[in-house]
2 protein chains.
Amino acid sequence: MLDPRESCTVCRGAPIDCAVCRVKELAICAVLSDEARRELAAIGASSRLETGETLFYEGDSATEVFTLTSGVLKLYKLLQDGRRQITGFLLPGDFLGLAFADRYICTAEAVTVATVCRFRRPAFLRLVHSHPRLEHDLLSRATSELAAAQEQMLLLGRKTAAERVASFLLKLETRLGGADGGRLDLPMTRTDMADFLGLTIETVSRTLSQFRRRGLIALSGKSTIFICDRERLAACAGG
Amino acid sequence: MLDPRESCTVCRGAPIDCAVCRVKELAICAVLSDEARRELAAIGASSRLETGETLFYEGDSATEVFTLTSGVLKLYKLLQDGRRQITGFLLPGDFLGLAFADRYICTAEAVTVATVCRFRRPAFLRLVHSHPRLEHDLLSRATSELAAAQEQMLLLGRKTAAERVASFLLKLETRLGGADGGRLDLPMTRTDMADFLGLTIETVSRTLSQFRRRGLIALSGKSTIFICDRERLAACAGG
DNA sequence: CGTAGACTTGAACACTGTCAACTTGAGTGG
DNA sequence: CCACTCAAGTTGACAGTGTTCAAGTCTACG
């Protein structure tokens with residue numbers, strides 16, 4: 001089931017702590033008793049995903065929910081002719097399963113090598129029902145996701161290409177923990193960025209080049225970006 | 001507090017039933033004890049909104065949550081220069097308050113004359129915490145909203161104008177209860193439709209005219225639409 | 001019956017998409 | 001170690017969908 005020594009992104013401590021830690025990834029550490037944490041850890045199974053591997057498909061019967069413990073995932077929906085909209089990128093600690101009724105409403109695919117902790121839905125739901133604080137935590141997660149979704153609707157419905165790309169870079173930097181001096185390692189391809197922002201790959205590329213020429217960012221390789229002038233970039237992002 | 005005789009959209013019965021009924025609008029009728037229902041009804045206050053009246057503004061301190069008991073509301077976000085994105089229309093029975101932390105993240109405005117039941121947040125949250133089934137119901141509401149938000153992202157990011165308008169008409173008909181023979185009374189203006197669909201008012205108008213010329217719909221007055229050929233309209237909506 | 005706001009229609013324009021060629025860079029094998 | 005390969009990304013020219021701006025038209029309401 002759980003191998004506590006493998007790719008735990010939060011604690012790097014003793015095995016038992018680490019098993020608990022997978023639960024911690026749900027951010028319910030503070031609200032659950034030790035016993036409840038162990039219950040949760042006991043029904044979870046760790047599983048590794050290669051880049052590009054699909055965790056589940058839109059329309060499949062939703063038999064499992066997951067927490068992402070390492071790597072990056074993308075969620076997307078497709079139109080019949082192949083047009084794609086990525087509805088979100090998931091980072092370690094994120095939960096997959098809030099928006100599922102009996103079927104998955106989107107496809108989940110690994111953007112990088114990733115590790116998830118799998119829970120069978122019936123067992124997970126039983127646990128949720130018997131631990132109101134867990135349900136409370138899930139509700140507060142759903143609330144944040146709704147807020148993010150509304151922000152994204154504003155971006156997709158009303159922002160220009162430059163505003164979309166600037167907003168994306170700044171938000172991603174924040175989510176990734178705004179490391180050293182504005183350095184930002186993009187885990188996803190231009191195609192993924194385009195499908196998230198409702199643009200084409202060419203427009204994303206041109207917009208990044210334009211930001212580079214204007215001195216707002218610097219590019220190094222294909223996936224490293226330095227935010228040189230956060231203030232002007234934020235101005236580009238619109239309000 | 002509650003005036004049971006005023007604009008109750010569910011039961012039209014005895015006053016006490018009607019007071020409970022406002023709670024019913026939360027769709028928690030089935031999961032709460034009579035006592036809990038009365039508790040909830042006791043902390044709710046009915047309030048009437050005129051067309052165009054604002055219930056709360058984005059950024060205001062979120063002191064209250066609401067259930068909509070009659071009429072239609074719109075939720076929207078603004079950019080600094082006035083561009084607007086409507087993130088959703090609310091119909092009777094819908095709950096306002098899932099996505100709020102300490103501040104409202106969007107503005108709520110009445111599309112038609114409307115009635116809401118107001119709950120002060122602290123009192124409501126106390127009640128939620130002491131009634132896990134209520135929290136469970138809220139989580140399931142949040143889940144549906146997330147699914148709807150993802151669908152809307154697909155629409156805004158990847159659908160053409162015609163697909164957006166067709167999708168909108170069909171979904172609205174379903175939500176309004178798909179009455180007699182495809183008749184659909186639009187409660188909102190073209191401007192609202194445009195701001196919901198990420199288009200301009202002119203494009204919405206042109207698209208409706210195009211559907212009319214092609215025999216998919218018929219227009220009567222400004223706000224009544226007949227869906228003449230649901231099948232071909234659905235084909236326009238894309239998949 | 002007149003007015004005002006909402007809606008429709010037309011024409012020109014612009015932003016972004018499409019198509020195509022080129023460049024870059026990471027990985028591979030000689 | 002270097003050339004090769006191929007996918008990913010960039011750039012350019014052009015086209016098209018949807019926007020902008022500007023008249024008109026309808027309709028509800030006083």
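In the text below, chain A, chain B and the rest are named by the order of the sequence lines, each starting its count at 1. Note that the structure is predicted; figures quoted are calculated from it, not measured.
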Heavy atom of residues 200-209 of chain A under 4.0 Å from DNA chain C: which residues? A/Thr200, A/Glu202, A/Thr203, A/Arg206
Please list, in numerical order, the residues of residues 72-80 of chain A that have a heavy atom closer than 4.0 Å to any atom of DNA chain D. none
Would you say that [X] contacts [Y] through its side chain, given a criterion of any heavy-atom pair below 4.5 Å between the two side chains?
X: A/Cys236; Y: A/Leu216; result: yes
X: A/Ile86; Y: A/Gln152; result: no
X: A/Leu154; Y: B/Leu79; result: yes

Centroid separation under 6.0 Å, is that true for the rings of A/Phe66 and A/Phe100? no
Nearest-nucleotide wise, let me know which of B/Thr191 and A/Lys159 is further upstream toward the 5' end of DNA chain C. B/Thr191
Distances for protein N or O near nucleotides 23-26 of chain C N or O, under 3.5 Å:
unit_1: C/dT24; atom_1: O2; unit_2: A/Lys222; atom_2: NZ; d: 3.4

Check: B/Asp185/B/Thr224 side-chain N/O donor and acceptor closer than 3.5 Å: yes
Quantified as the angle between the terminal helix axes (five pairs each), what is the overall bend of the helix from C/dC1-D/dG30 to C/dG30-D/dC1 to 10 degrees? 30°
Sequence neighbours excluded and cut-off under 3.5 Å, please list the side-chain donor-acceptor pairs for residues 161-172 of chain B, or say none.
unit_1: B/Glu163; atom_1: OE1; unit_2: A/Arg83; atom_2: NH1; d: 2.9
unit_1: B/Glu163; atom_1: OE1; unit_2: A/Arg83; atom_2: NH2; d: 3.4
unit_1: B/Glu163; atom_1: OE1; unit_2: B/Thr160; atom_2: N; d: 2.8
unit_1: B/Glu163; atom_1: OE1; unit_2: B/Thr160; atom_2: OG1; d: 3.4
unit_1: B/Glu163; atom_1: OE2; unit_2: A/Arg83; atom_2: NH2; d: 2.7
unit_1: B/Arg164; atom_1: NE; unit_2: B/Leu155; atom_2: O; d: 3.4
unit_1: B/Arg164; atom_1: NE; unit_2: B/Lys159; atom_2: O; d: 2.9
unit_1: B/Arg164; atom_1: NH1; unit_2: B/Leu197; atom_2: O; d: 2.8
unit_1: B/Arg164; atom_1: NH2; unit_2: B/Leu156; atom_2: O; d: 3.1
unit_1: B/Arg164; atom_1: NH2; unit_2: B/Lys159; atom_2: O; d: 3.1
unit_1: B/Ser167; atom_1: OG; unit_2: B/Lys159; atom_2: NZ; d: 3.0
unit_1: B/Ser167; atom_1: OG; unit_2: B/Glu163; atom_2: O; d: 2.6
unit_1: B/Ser167; atom_1: OG; unit_2: B/Ala237; atom_2: O; d: 3.4

Residues passing the ring pair (Phe, Tyr, Trp, His ring centres under 6.0 Å) test with A/Phe89, sequence neighbours excluded, are A/Phe196
